[in-house]
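Presented below is the structure to which this report refers.
All values below were derived from every heavy atom in this structure, side-chain atoms included, with hydrogens, water molecules and symmetry-related copies excluded.
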Amino acid sequence: MRRLFVLALLPAFAFLIATKAQQPIPGDGPPDEAHTFRPGALYTIHHNVSLVVLDGVALDQKDRVVTDLKASDFQINEDGVPQNIRNFEPAGKYTPAPTVNINSTAELDQFAPHAPVNIVLLDEVSTRFEDMAYARWSLKKWLDAQPDHLDTPTMLIAVSLERFQVLRDYTQNKDEILNALNKRFVDYPWHLNQAGWNGDSYLAAHLALRRVAEATTSHHGPKTMIWLGRGLPSARNGHHSTNVEASADTTTSHTLDELRDARVTLYTIDPAGVLIDPENAYPTNRWNYWPFGGDPRFEAMALATGGRFFANRNDVDVAIGSSIRDGSSVYTLTYIPPDPDKDPRKLRHIQVTVNRPGVHFITRTAYFPESHPAQMHQDGTVSNRLGLAMMSAAESNMQYSGVRFTATVSPTDPSMVHIHVDNHGVGYYVPKDENKPRHTRLIMVATTLDNSNKEISHQGESYNFAMTNTDRSGPFNLPLDWDFKLDKISKATRLRIVLRVESSGHMGTVDLPLTTGATASSVPPEVATTAPAQTPSAP
């Protein structure tokens, strides 16, 4: 079975509304229409006022980073109207101190929750084997020139047509990344010159981008995603426009929304280099030997997130270094947009200028005020977007830490599992009708696997929890506990649970052995509760 077509699996999931100790509530339409709380809006305050967050890097005329700018040096315009800067973070403010050593997502969340991070992705889907070998060599060359302790926590991911695999979770240990890179056996892209696989390749690229966004959205710092590869498959008819903002391609639009909301800046590097004999290198059609397979959308997607693209060059290691340098020199500016509720799907254009000759600021140049996470339908069934997000997390080995919860297998029955959710970060809906209680909806997928990590079964449910009264002066806090029974555990040795808060789209994952009494948390308890002293770097 071709696992990338996860949409085909969705009908197999009957997500049920479970009746718990708290009063269950019926699905009363999309929450963004029936409630004053706007799920998915970044940094939601009151009255639907959201801050627009701009992460960017300042460069001079020689492409060198400028890190000594102040808030007064910036001017923001939205649709030509000057905006007041509400918050300003200088470049490198939250770079981890030398005393901090990050070696996992859990440690990042505890010890450096606002630190910038790098996510390096090896694209084995749309990239020739030879070009991927050069990309890996270039990455190794750059790493070899770095100190043993990297300034910025870095994750390494590989994506092929059949799997998405985190090779090394966040670490500042250079040797750990090199070891993971050396152990990776590259998948040969046998499908590359067969047009019939373009759809799969196209979906694989977007799934990879969304997985990274969804898994990292709860981390408060900026993320630099460095994509080493060709990106989207060879140009397809009707998709030659670089205006991805106004594109009718909803897949691209949704992917961009998720990247922006998660503060992911995309840097794309085409490792094909300067081709001497392009027609023999990528012979399928005349577009293949253009940068990024001749599809300008992938370059445009990088620019739309505030990143850059590198192509037609033989110094890929330098491009990698420039991308990582930019990511560690990020300024953050915020402002309150004018009339955020007016025309929520109208594209807003942003222009940021710097009051210093020869310096320009690279950041995203547009956004949509309304960007809601995927939700369930009114009848309680799962939308395609929601199902795709849940299955992507279920089939990944990436750690999602957006929801803090613990899963415990019964000490007497391995098919019975107890879930306890920490209210920290759980979003609640506030109905417009003051006589209705606040409530939240949690969506879960439990996947069983065997000794060879082969998936045996998927089981999905959703849970609604409502306050017992309509008093809105008290805390948004409910005991979020329940038990569920696995339908199939024959041959199963491991369990992966994905839990999603519908209102925010945040997700958490837990992996644990399917043995009696086993327990695991989305924030591992073995991580120390007291972080080492950390002093923000001077601007």
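- Side-chain polar atoms of Ser383 and His377 form no donor-acceptor pair below 3.5 angstrom.
- Under the 4.0 Å criterion applied to side-chain N and carboxylate O atoms, Asp148 and Lys174 are assigned as salt-bridge partners.
- For the pairing with Tyr94, the ring-ring contact (aromatic ring centres under 6.0 Å, His included) check across His219, His114, His220 returns one residue only, His114.
- Ionic pairing of Arg163 and Asp187 is present here: one or more N-O contacts between side-chain nitrogen and carboxylate oxygen are shorter than 4.0 angstrom.
- Centroid-to-centroid, the aromatic rings of Phe309 and Phe298 stay 6.0 Å apart or farther.
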Could you pull out all donor-acceptor pairs under 3.5 Å where a side-chain atom in residues 56-65 meets a protein atom, sequence neighbours excluded?
from, atom 1, to, atom 2, distance (Å)
Asp60, OD1, Lys62, N, 2.9
Asp60, OD1, Asp63, N, 3.1
Asp60, OD1, Arg64, N, 2.8
Asp60, OD2, Arg64, NE, 2.9
Asp60, OD2, Arg64, NH2, 3.2
Asp63, OD1, Arg308, NH1, 3.1

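- Salt bridge present: Arg184 and Glu124 bring a charged side-chain N and a carboxylate O closer than 4.0 Å.
- A salt bridge links Asp270 with Arg230: the distance from a Lys NZ or Arg NE/NH1/NH2 to an Asp or Glu carboxylate oxygen falls below 4.0 Å.
- Residues satisfying the salt bridge (charged side-chain N to carboxylate O under 4.0 Å, His left out) criterion with Arg494, sequence neighbours excluded, are Asp511.
- For Arg168, the salt bridge (charged side-chain N to carboxylate O under 4.0 Å, His left out) criterion is met by Glu176, not counting sequence neighbours.
- The 12-atom threshold is exceeded at CG of Asp169, counting heavy atoms of other residues, nucleotides or ligands nearer than 6.0 Å.
- Pairs of residues two or more places apart, or lying in two chains, that qualify as ring pair (Phe, Tyr, Trp, His ring centres under 6.0 Å) and include a residue from residues 155-190 are Phe129-Tyr188, Trp190-Trp197.
- For Tyr400, the ring-ring contact (aromatic ring centres under 6.0 Å, His included) test picks out no residue, with sequence neighbours left out.
- With sequence neighbours left out, the salt bridge (charged side-chain N to carboxylate O under 4.0 Å, His left out) criterion links Asp317 to Lys141.
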